[in-house]
Amino acid sequence: MIAQAGASFVNDLFNNFWVVLVIKAVLVLGFFLVAPLVVGYMEHKVLAHMQARLGPWYAGRFHGWAQLVADGVKFVQKEDVIPEAADRSVFSLAPAVVMIPYIVTVVVIPFSHTIYAENLDIGIFFVLAMSSVSVIGVLMAGWSSANKFSLIGALRAAAQLIAYELPLVLAAAAVVMQNGTLSLIGISESQSHVWNVAWQPIGFLIFLVASLAELTRPPFDMPVADSEIIFGAYTEYTGLKFAFFLLAEYGGIVVLSAVASVLYLGGYLGPPVVASLLPAPIWMAGKIGALSFFVIWLRATYPRLREDQLQRFSWLALVPLALLNVMVVAIVKIAVK
Amino acid sequence: MAVDADEVRREGQPSIPGLGLLKGLTVTLKTMLRPAVTQRYPDVKPDLPARTRGVIALKEANCTVCYKCARECPDWCIYIDAHKETHEPAGGGKGRSAKVLDRFAIDYALCMYCGICVEVCPFDALFWSPEFEYAEYEVDELIHEKEKLEEWTYKVLPPPPLEDGAEPPAESSGSQSAGVPGVETAPPGAAAATVAATSVPGVRSVSPPETPAPAAPPAAAPAEAVAVSTPEAPALKAQPAPSTEHKEVSLDQETFDRVLAELLDKGTDRRVAEGQARRAAMIAARKKAEEG
């Protein structure tokens with residue numbers, strides 16, 4: 001029933017283990033450095049137009065396409081300030097701890113049945129485990145900054161992760177139960193007839209909402225609520241380290257959009273009838289783009305949830321709903337068998 | 001935009017959970033699909049309304065050095081220097097004297113743009129110009145002399161057409177008011193509906209309003225008026241003699257009746273219709289006079 005994935009295209013080209021390793025690492029890193037910039041630029045432009053503005057216009061001469069490159073150059077030039085009372089080593093390590101889990105997650109994202117870095121049997125487990133590591137980096141940043149706003153932000157982020165990790169995992173678990181595999185390629189391939197979103201629309205919504213909260217994206221951006229705690233755990237950061245946090249945020253949007261498309265939207269498979277019109281990587285990129293657009297759209301539309309509303313929403317709405325979802329899927333699965 | 005949600009509540013529709021959230025999404029999406037309102041200012045100059053109060057400009061030929069503007073200015077930011085010249089008339093008799101403007105400067109570091117000088121000027125020498133890009137690096141350089149003030153008059157736009165229902169301007173009975181400088185540069189069709197704007201180009205007269213003569217009188221009469229009031233104004237000298245261009249005309253009754261009937265049929269308010277018809281009739285009459 002589960003279609004077998006082909007070998008990764010890099011393995012087809014080269015035999016040497018080390019060459020393959022280096023090439024895969026470079027490709028993954030390259031993807032992680034480019035895709036978030038595209039999403040970031042999209043956020044600039046979409047947010048601007050949703051507010052009847054133009055957004056970036058001058059950088060790169062054409063509709064400000066190079067704005068984020070220019071921003072990156074600016075961040076590099078900035079002074080790297082570390083507060084006197086800060087725990088220097090932890091303070092410096094935190095951006096890496098936030099960013100690396102998302103880079104690692106890119107490894108298992110498939111762009112076709114041969115274009116991927118690694119096809120782990122426990123793919124979705126790996127993704128969910130990794131994406132919750134980054135909150136440790138946020139906690140490190142908040143604690144080591146020796147700043148009350150940073151600390152409050154970090155604790156809010158941690159509380160939010162605990163609250164929303166549960167519905168996220170439960171929603172993913174329902175998909176895994178239905179498709180009978182943890183591998184992201186396996187999940188994609190088993191949706192060749194009908195996408196999972198058709199069976200589990202509620203699961204899809206739960207997953208989307210929970211990933212938004214995981215990424216502390218609006219309307220769940222209480223941990224960085226600028227009107228009360230400046231910029232949460234990132235308040236004391238400057239220059240390149242601050243840029244890493246931003247990169248991690250947009251990288252997170254890309255990764256969780258990719259995972260959501262794999263789990264619910266058929267991954268790199270096009271819609272059943274017109275799938276052959278475009279190559280698989282284009283379908284995957286299009287789905288990541290569409291979901292990222294949705295994430296930005298929500299930011300432009302909704303005000304921030306209050307901290308208590310945010311917790312209440314997860315524990316009293318999403319978690320029971322996700323449990324129910326799992327139960328229904330399990331019952332249907334056994335009944336159909 | 002937020003009104004949509006309010007309307008739903010007011011109409012008391014049964015609220016579907018999440019409906020408001022979806023409405024919010026459509027609002028942002030619609031806004032995204034509409035063109036942005038951003039003005040790309042340094043690249044694209046703003047399209048300013050005709051009455052924009054950007055800077056005060058001076059039509060030097062209209063200035064009689066009466067000092068009213070300088071005296072009324074609350075900031076004392078207007079500097080005027082002038083001297084008196086006396087001319088012996090050719091045929092003998094008492095000499096005619098005239099004031100000649102030497103310096104007219106406005107200190108825009110002091111000016112608070114109240115517009116009182118424009119209001120009090122009895123001869124329409126001061127105008128609001130839409131120009132606004134005259135920043136300087138030094139405060140001293142914000143004192144702009146009359147040459148610069150004159151340049152700004154080139155940007156003065158003809159006044160916008162009257163709104164429906166507006167009372168026709170008092171001077172609209174076909175008489176000439178002092179020339180609006182923008183009229184010279186504006187295309188004739190763009191000239192506004194007020195008859196004030198349709199004064200004959202080239203006549204920078206400060207002559208008092210004249211009632212239209214029944215037939216086109218010899219053009220010398222208004223020209224003489226000009227000559228008397230500002231005999232030595234330098235700008236006037238540079239101009240071609242106005243008398244050759246100017247023809248006094250009266251309303252073209254046929255056009256007036258036709259346009260008036262058309263407008264009344266359209267349901268235009270009688271006062272507005274009369275004003276617009278009078279303007280059309282004046283233009284038609286002037287055209288005829290030029291051709292004939």
Side-chain angles (χ1 to χ4, degrees), chain A residues 39 41-65 67 201-202 204-206 208-210 212-213 217-221 289-306 309-310 312-313 316-318 320-321 324, chain B residues 1-55 113 129-138 155 157 160 163:
Chain A
V39 173
Y41 174 69
M42 181 162 85
E43 171 154 278
H44 270 318
K45 278 308 212 185
V46 169
L47 214 52
H49 281 279
M50 283 182 169
Q51 295 163 352
R53 296 183 287 118
L54 283 176
W57 194 260
Y58 293 102
R61 297 203 178 272
F62 181 75
H63 287 257
W65 67 271
Q67 183 60 50
I202 292 180
F204 179 55
L205 286 180
I206 294 171
L208 272 188
V209 170
L212 274 183
R217 288 285 301 178
F220 304 105
D221 58 341
L291 284 179
S292 304
F293 173 80
F294 186 69
V295 169
I296 296 163
W297 191 7
L298 293 179
R299 171 171 179 190
T301 307
Y302 297 138
R304 183 183 296 132
L305 262 71
R306 225 168 43 213
Q309 293 170 330
L310 196 144
R312 183 181 298 271
F313 182 56
L316 296 186
L318 283 188
L321 207 59
L324 197 69
Chain B
M1 294 174 200
V3 174
D4 291 354
D6 287 340
E7 274 170 6
V8 171
R9 235 167 277 143
R10 246 182 280 126
E11 285 163 18
Q13 288 173 353
S15 72
I16 305 164
L19 187 68
L21 296 178
L22 291 179
K23 283 202 164 201
L25 287 176
T26 58
V27 167
T28 40
L29 194 66
K30 272 187 211 154
T31 310
M32 188 182 78
L33 298 177
R34 275 200 303 269
V37 297
T38 308
Q39 297 220 349
R40 298 178 42 220
Y41 158 57
D43 296 339
V44 182
K45 300 283 183 226
D47 190 16
L48 294 171
R51 303 280 198 189
T52 302
R53 295 174 162 218
V55 73
Y113 302 87
S129 163
E131 171 66 44
F132 61 94
E133 292 170 312
Y134 50 97
E136 300 288 350
Y137 287 104
E138 299 288 336
K155 300 205 171 177
L157 296 168
E163 280 177 16

Only pairs under 3.5 Å, no angle test: what donor-acceptor pairs are there between chain A and chain B?
{"from": "A:Ala52", "atom 1": "O", "to": "B:Val37", "atom 2": "N", "distance (Å)": "2.9"}
{"from": "A:Leu54", "atom 1": "N", "to": "B:Thr38", "atom 2": "OG1", "distance (Å)": "3.1"}
{"from": "A:Tyr58", "atom 1": "OH", "to": "B:Asp43", "atom 2": "OD2", "distance (Å)": "2.8"}
{"from": "A:Trp297", "atom 1": "NE1", "to": "B:Leu25", "atom 2": "O", "distance (Å)": "3.0"}
{"from": "A:Trp297", "atom 1": "NE1", "to": "B:Thr28", "atom 2": "OG1", "distance (Å)": "3.0"}
{"from": "A:Thr301", "atom 1": "OG1", "to": "B:Thr28", "atom 2": "OG1", "distance (Å)": "2.8"}
{"from": "A:Tyr302", "atom 1": "OH", "to": "B:Leu21", "atom 2": "O", "distance (Å)": "2.6"}

* Asked: Quick one: what part of B:Leu33 sits under 4.5 Å from any heavy atom of chain A, side chain, backbone, both or neither?
  ->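 The answer is neither part of B:Leu33.
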* To do: Please say whether more than 12 non-hydrogen atoms of neighbouring residues, nucleotides or ligands are located less than 6.0 Å from CD1 in A:Ile202.
  =>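 12 or below, so no.
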